[in-house]
Number of protein chains: 2
Amino acid sequence: MQLTVATEYAVRCVLHLAGATAGAVVARREIAQARAIPAPFLAKLAQRLAHAGLIRIQAGARGGYALCQPASQITLLAVVEAADGELVLQPCAAKPQACPRSPACPAHRVWAKARRQLRATLAHVTFDQLAAQEKPPTRTRKSAWTS
Amino acid sequence: MQLTVATEYAVRCVLHLAGATAGAVVARREIAQARAIPAPFLAKLAQRLAHAGLIRIQAGARGGYALCQPASQITLLAVVEAADGELVLQPCAAKPQACPRSPACPAHRVWAKARRQLRATLAHVTFDQLAAQEKPPTRTRKSAWTS
DNA sequence: CCATATCGGACTAAAATGGTCCGATATTAG
DNA sequence: CTAATATCGGACCATTTTAGTCCGATATGG
Ligand code: FES
Ligand code: FES
């Protein structure tokens, strides 16, 4: 339940789908190649995303992945938590029984606040925004992107 | 370099010292017992804190640990990073060479922002504040602390 | 000098992470 | 229908990290 490379892979995957024609099915291999993700690992990851209702998986010939919702509806937080589980940055905050001190510990509320803040930040970013930041290279050709 | 139980142990340890008479040396065993930290593990942890200049370690008979600075000068961030290394929540953000995509990846700036925010939140909390939140039980006896 | 108590580093166990493999199943082309 | 394609879904494995222990060396107080 931490931000790992799996998280980043998931983000890249959804980002790729967000950049494709809406609702189009993209082959796993294509995504893996374009985004530098180990293909078998992407398969596992995709299942988590599908289970969370973010993407649709089409099996069989000409199969692949597609978004279930418009990119503007998918938040970064949703993808992160689909990939790595609920985002919690302190074991103490995760399972209350592991920490009978919580009520007494003044640090507890700080962890909670930090977590809320972090999740809010990620929740405010949607994939249409991210995709838009990625598009320019195709539209504005040869602008000042070289450093 | 993540928030783990070691982080929490470190916080509790410094918190205990902050609650003691300023500059007093407290035995490791006492801290371990009072704060429910495995004593040998605290020893290892204390070395990290000492290395970071947060606490002073007194060896020999009647030895133990003491703060190097007034509690008001010690931030939660300092303790966290002393215990677990620099706080970074994305491997991608940690080592640039591991992620040649960083400049192109729109997620990158979000990770960076989230990290700044998180560190700022922790940096604004000092141990005199935390200690103050913990004191009441001794002063206000038998108030509404029972649920 | 001796008892006490930490140093500091080697060591181990368990969990999480990153990744692979493969039989089963679904879909499409022909 | 059948063959080819491509994912499912879960078992499996290697590496790294985490949590924790142990112990000889060293420092200090009495
Ligand atoms: S003891 Fe659980 S948050 Fe401090
Ligand atoms: S690829 Fe490194 S932050 Fe996205």
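Every chain is numbered from 1, with letters handed out A, B, ... down the list of sequences. In this text, all values refer to a predicted model and were calculated from it rather than measured experimentally.
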A:I57 side chain: which of C:dA5, D:dG29, D:dT7 is closest?
D:dT7
If you look at every strand shown and take non-hydrogen atoms under 4.0 Å, does B:A6 touch a base, only sugar-phosphate, or nothing?
sugar-phosphate
Verify the cluster assignment for B:W111 and B:L87: are they in a single hydrophobic cluster under the rule of side-chain heavy atoms below 4.5 Å apart?
yes
I'd like to know if the side chain of B:R12 and the backbone of B:R35 have a donor-acceptor N/O pair within less than 3.5 Å.
yes
Earlier contact from the 5' end, DNA chain C, for B:V26 and A:T7
B:V26
Euclidean distance, atom CD1 of residue A:I55 to atom P of D:dC8 [Å, nearest integer]
8 Å
Could you state the atom-to-atom distance from CZ of B:R28 to C1' of C:dT4 in whole Å?
12 Å
Given C:dT20, D:dT7, C:dT17, which nucleotide is nearest the side-chain atoms of A:Q2?
C:dT17
Which nucleotide in the set D:dC8, C:dG18, D:dT21 lies at the smallest distance from any side-chain heavy atom of A:Y65?
D:dC8
Got a donor-acceptor pair under 3.5 Å from the side chain of B:K44 to the base of D:dG20?
yes
N/O (side chain, A:T4) to phosphate O (OP1/OP2, C:dA16) under 4.0 Å
no
Looking just at side-chain N and O atoms, do A:Q117 and B:T121 make a donor-acceptor pair shorter than 3.5 Å?
yes
Does C:dT4 have OP1 or OP2 under 4.0 Å away from a side-chain N or O of B:R62?
no
Which nucleotide sits closest to the side chain of A:Q58: D:dC8, D:dA19, C:dT28?
C:dT28
CD of A:Q90 versus P of D:dT18: gap in Å, rounded?
13 Å
Over 12 foreign heavy atoms within 6.0 Å of CD, B:Q69:
yes
By nearest-heavy-atom nucleotide on DNA chain D, the more 5' of A:Q47 and A:A61 is A:A61
Walking DNA chain C from its 5' end, the first of A:A59 and A:P40 to be reached, judged by nearest nucleotide, is A:P40
Euclidean distance, atom CG of residue A:L3 to atom C1' of C:dG18 [Å, nearest integer]:
15 Å
In plain terms, say whether B:R48 and B:E81 are close enough for a salt bridge, that is, a side-chain N and a carboxylate O under 4.0 Å apart.
no
Can you tell me how far P of C:dG9 sits from CG of B:L45, to the nearest Å?
16 Å
Find the distance B:R48:CZ to D:dG20:C1' and express it as a whole number of Å.
11 Å
Could you tell me the separation between the CZ atom of A:R12 and the P atom of C:dG18, rounded to a whole number of Å?
12 Å
Please determine if a side-chain N or O atom of B:Y9 lies less than 4.0 Å away from the OP1 or OP2 oxygen of D:dG20.
yes
I need the CG-P distance between A:D84 and C:dT17, as an integer number of Å.
7 Å
